[in-house]
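One structure is given below, encoded as structure tokens.
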There are 2 protein chains.
Amino acid sequence: MQGRNISDIIEAYLKQILAESERIEIKRSEIAELFNCVPSQINYVIKTRFTIQRGYLVQSKRGGGGYIRIEKVKLLDDRDMLDTMIQLIGEQINQRDALALVQKLYDDQVIERKEANLVLAATSHETLAVADRNLEEQLRAHILIGILNHLRYERE
Amino acid sequence: MQGRNISDIIEAYLKQILAESERIEIKRSEIAELFNCVPSQINYVIKTRFTIQRGYLVQSKRGGGGYIRIEKVKLLDDRDMLDTMIQLIGEQINQRDALALVQKLYDDQVIERKEANLVLAATSHETLAVADRNLEEQLRAHILIGILNHLRYERE
DNA sequence: TTAACTTTGACTAATATTGACTATTATTAT
DNA sequence: ATAATAATAGTCAATATTAGTCAAAGTTAA
């Protein structure tokens, strides 16, 4: 895992800082310059090594005073189930299966009733019927996966 | 929300004052001078950060003794607020405005933190970036409106 | 040898800053 | 009163300052 390549070195550098503080805020161009690489390599490092699956939350802002912020988050115990669910959803999912999935989340007390209803509202046929059936099911899949990924970690 | 650029700093300054009083009246040139920027930057800050979606009402007057007044508004009772918000969303909405809207829902205690995060997950760019930008914003609008309509009867 | 991973850079997108020009209102001079 | 002037704020487009995307090219490991 050591300095085999620049990406690994940058990863180590960032993680070393993250070992001491919960979050860091970098300026992409500065880090790029520091490691003598192109700025987009920073995006590559983040995309491959600071994923939510590994417990990192990344936010950024462009323009003057822009930044990339990496935050270490506490992953919850349900993540194996979440992984399974995400796999199960795949590329698309119909409303009936979505309902079953949300029901299971509720039964397992990952979400509460009110939250479950929110998710159902967001993924209902009525809400998503903007295009053809295929696109609708794809969208439902995307939204559910986005939600499941958010359920991975604890927030303050 | 911190001070990486002048606009953020000005925003924070104004909000700090607004945290204590319901309204604030400023003289554009004075604020500009205080933060060492051109006067029109104040307009930029107001336009991007003190929108009605975020719960601010802005009024101004030119000429001698002119001012800009920023007022924190309550969107009346919940039912009216939901209607108002649905109107504000319209046919499409970008992620930034959606964030502001959800923030407002949270601030007004219509939804709780975890629910707010779920909504944000469901409407994030990452989740909805399946087609072109226009469709993405339309979808975001649909989902948000679906959720708001759901909140009408969920709350009681 | 090939499949996965890394590096690079051209192009795109988002956000912020600036200033010239315009519009409105108040005050002063006639 | 009216006209000129001063004192505000508003608009808009050009420019600046960031970060993101994507695919081609290069490298490495199985």
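Residue numbering restarts at 1 for every chain, and letters A, B, ... go by the order of the sequence lines.
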Taking only side-chain N and O atoms of [X], does any of them lie within less than 4.0 angstrom of OP1 or OP2 on [N]?
X        : N      : answer
B:Arg133 : D:dT21 : no
B:Lys27  : D:dT8  : yes
B:Gln41  : C:dA16 : no
B:Arg62  : C:dT22 : no
A:Arg69  : D:dA19 : no
B:Lys61  : C:dA26 : yes
A:Ser60  : D:dG20 : yes

Exercise for the section: To the nearest 10°, let me know how far the axis at one end of the helix from C:dT1-D:dA30 to C:dT30-D:dA1 is tilted from the axis at the other, five pairs an end. Expected result: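 Comparing the first five pairs with the last five, the axes sit 10° apart.
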If the threshold is 4.0 Å, N to carboxylate O, is there a salt bridge linking [X] and [Y]?
X        : Y        : answer
A:Lys72  : A:Glu22  : no
B:Glu11  : B:Arg49  : yes
B:Lys114 : A:Glu112 : no
A:Arg79  : A:Asp83  : no
A:Asp78  : A:Arg152 : no
B:Asp8   : B:Lys15  : no

Practice task
Could you check which residues of residues 30-39 of chain B get a heavy atom under 4.0 Å from DNA chain C? Sort them by number, please.
Solution key: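 DNA chain C contact set from residues 30-39 of chain B: B:Val38.
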Exercise for the section: Report whether B:Ile86 and B:Val102 are members of the same hydrophobic cluster (ILVMFWY, side-chain heavy atoms less than 4.5 Å apart, transitive linking). Expected result: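 Linked, B:Ile86 and B:Val102 end up in one cluster.
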Problem - Rounded distance (Å) that lies between atom P of C:dT12 and atom CG of A:Asn43 - result: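 It works out to 17 Å between those atoms.
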Problem - Sugar-phosphate only, base, or nothing, as touched by B:Ile6 at under 4.0 Å among non-hydrogen atoms - result: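 Sugar-phosphate only.
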Exercise for the section: May I ask you to say what B:Gly63 touches in the nucleic acid, namely base, sugar-phosphate or nothing, with a heavy-atom cut-off under 4.0 Å? Expected result: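 Since a base atom lies under 4.0 Å of B:Gly63, the category is base.
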Practice task
Kindly say whether, by distance alone, the side chain of B:Arg28 makes a donor-acceptor pair under 3.5 Å with the base of D:dG10?
Solution key: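 Looking at the base of D:dG10, it does pair with a donor or acceptor on the side chain of B:Arg28 (distance under 3.5 Å).
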Practice task
Please confirm whether any donor atom in the side chain of B:Ser40 sits under 3.5 Å from an acceptor in the base of C:dG19, or the reverse.
Solution key: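 Side chain to base: pair found, below 3.5 Å.
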Exercise for the section: Could you check B:Ile68 against B:His125 and say which one's nearest nucleotide on DNA chain D is further toward the 5' end? Expected result: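 So the residue in question is B:Ile68.
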